[in-house]
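Step one of this worksheet: look at the structure below.
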Amino acid sequence: MKKIVLMVMLAMSILTSNAQSEYPTSKVEKHDVAILIIDMQNDFVDPNGKLCVAGAKATIPAINKLIAYGRSKNWKVVWITRDHRPSGVDVDAPRIPLFVDGKTGYCVPGTWGGALVDGLKPEKEDIMSPKYRNSAFFNTNLDLMLRRMGVKTVVLAGTQYPNCVRGTANDAMSYDYETVVCTDACSAKTPEVAAANVFDMQNMGIKCISLDEVEKEYK
C-alpha cells in the first residue's frame, strides 16, 4: 500500500512540475517582426480630412505591399490610430483649438475622420492600438503586447514623418527594438520634410530603407 501511495505521489509531483515549467504566456502567438501602420485615417490621409498630409494617400499601395509581404512571413500587423474624445480633453495642447469654440476636432472614434482610409483594411487577427500623442508607445500598452509576442523588430509605415512616425521610431529604438522605417510606405507634407527627417533618423541609428530593401533583408 505504501508503494502505491508513493508511486501516486511521485506521478503527481511529475505532472505538477511539468505544468509549472510552462508559463501561460508561452501559449500566446509568437512573431519576430511587427509592422506598425501609423495614423492612416481619413483626417490625415484624405484631401477632405482636417489635417491632411499631402503625401499620405500615395503611400497606400506600398503599405498594402508591405502588409502582404509581412503576412507571408508571419509578421504581426498592428494598426496605430489616433483616438480622441470629442471634448479634446486627451489631445496634445497645440491641437486643443481644433476641439473648442464649436469645432468638432479630428480623429474622433465613430466619425468619418477617425476611420481608416479607403484602400486599407485590417484582418481579424490584426491588433488595433490607439494612441493619444505622437508616439505609439507613449502611455499605451503597445510595448507590453509586442514583448509578449516575442517581437524583436518593428517595421514602420504610415504618416507623418516629423510627428508620429519619428516619435514612434525614437521610442521603439529606446525600447531596444530593431527599428526599421519603410520609406516607400511613409509620408510627409513635402518631399523635403520627408528627406530631412529620414536624414535625422538615420543619424540616430534608425534604419530607413525602401520596401525592396525590406524584402531583401528580412526574408
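One-based numbering along the sequence shown. On a predicted model such as this, the values are computed, not experimentally measured, just so you know.
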Quiz prompt | Worked check of side-chain contact (heavy atoms from CB on, under 4.5 Å) between Asp32 and Lys73 | solution = CA-CA 9 Å; Asp32 293 327; Lys73 300 297 180 183; over 6 Å; no
Surrounding [atom1] of [X] (heavy atoms of other residues, nucleotides or ligands, distance under 6.0 Å), is the total greater than 12?
X: Asp118; atom1: CG; answer: no
X: Lys189; atom1: NZ; answer: no
X: Arg147; atom1: CZ; answer: yes

Self-check item: Salt-bridge present (Arg166, Asp200; N to O < 4.0 Å)
Solution: yes
Quiz prompt | Residues Glu215 and Lys65 bridged, charged N to O under 4.0 Å | solution = no
Check [X] against [Y] and note the closest heavy-atom contact, atom names and distance.
X: Phe44; Y: Cys107; value: CE1-SG, 3.4 Å
X: Ala194; Y: Ala188; value: N-CB, 3.8 Å
X: Ala157; Y: Cys186; value: CA-SG, 3.6 Å
X: Pro47; Y: Cys52; value: CA-SG, 3.7 Å
X: Ser187; Y: Ala56; value: OG-CA, 3.2 Å

Quiz item: Apart from Val151 itself, which Ile, Leu, Val, Met, Phe, Trp or Tyr residues share its cluster (side-chain heavy atoms under 4.5 Å, direct or through members)?
Solution: Val28, Leu36, Ile38, Val78, Ile80, Ile127, Phe137, Leu142, Met145, Leu146, Met149, Val154, Leu156, Tyr161, Val165, Met173, Tyr175, Tyr177, Val181, Val198, Met201, Met204, Ile206
Practice problem: For the residue pair Tyr69 and Trp75, categorise the inter-ring angle as parallel (less than 30°), tilted (30 to 60°) or perpendicular (more than 60°). | Solution: perpendicular
Self-check item: salt bridge (charged side-chain N to carboxylate O under 4.0 Å, His left out) partner of Asp126, the single match among Lys121, Lys76, Arg71
Solution: Arg71
How long is the straight-line distance from [atom2] of [Y] back to [atom1] of [X], given to the nearest 0.5 Å?
X: Asn197; Y: Gln160; atom1: CG; atom2: CD; value: 8.5 Å
X: Thr111; Y: Asn42; atom1: OG1; atom2: CG; value: 8.5 Å
X: Ser210; Y: Lys216; atom1: OG; atom2: NZ; value: 7.5 Å
X: Ser26; Y: Arg148; atom1: OG; atom2: CZ; value: 10.5 Å

Can you tell if the side chain of [X] reaches within under 4.5 Å of the side chain of [Y], non-hydrogen atoms only?
X: Leu211; Y: Leu66; result: yes
X: Tyr218; Y: Val155; result: no
X: His84; Y: Arg95; result: no
X: Thr59; Y: Met40; result: yes
X: Phe138; Y: Lys131; result: no
X: Asn170; Y: Ser135; result: no

Self-check item: Residues forming a side chain to side chain donor-acceptor pair (under 3.5 Å) with Thr153, sequence neighbours excluded
Solution: Glu178
Quiz item: Looking just at side-chain N and O atoms, do Asn134 and Arg82 make a donor-acceptor pair shorter than 3.5 Å?
Solution: yes
Exercise. Go through the steps to decide whether Glu125 and Glu29 satisfy the test side-chain contact (heavy atoms from CB on, under 4.5 Å), and finish with yes or no.
Key: CA-CA 11 Å; Glu125 67 270 15; Glu29 57 181 306; 5.8 Å; no
Same cluster or not: [X] versus [Y], using hydrophobic residues (I, L, V, M, F, W, Y) connected whenever any side-chain heavy atoms lie under 4.5 Å apart?
X: Val100; Y: Val108; value: yes
X: Val53; Y: Leu51; value: no
X: Val117; Y: Met128; value: yes
X: Leu144; Y: Ile35; value: no

Quiz prompt | Working for side-chain contact (heavy atoms from CB on, under 4.5 Å), residues Glu213 and Thr183 | solution = CA-CA 10 Å; Glu213 291 172 309; Thr183 54; 5.6 Å; no
Quiz prompt | side-chain contact (heavy atoms from CB on, under 4.5 Å) assessment of Ile67 paired with Trp79 | solution = CA-CA 11 Å; Ile67 291 170; Trp79 300 85; 3.7 Å; yes
Quiz prompt | side chain to side chain contact (heavy atoms under 4.5 Å, CB included) involving Pro130 - partner list, sequence neighbours excluded | solution = Thr81, Asp83
Self-check item: Main-chain N/O of Pro94 paired to Asp92 side chain as donor or acceptor, under 3.5 Å
Solution: no
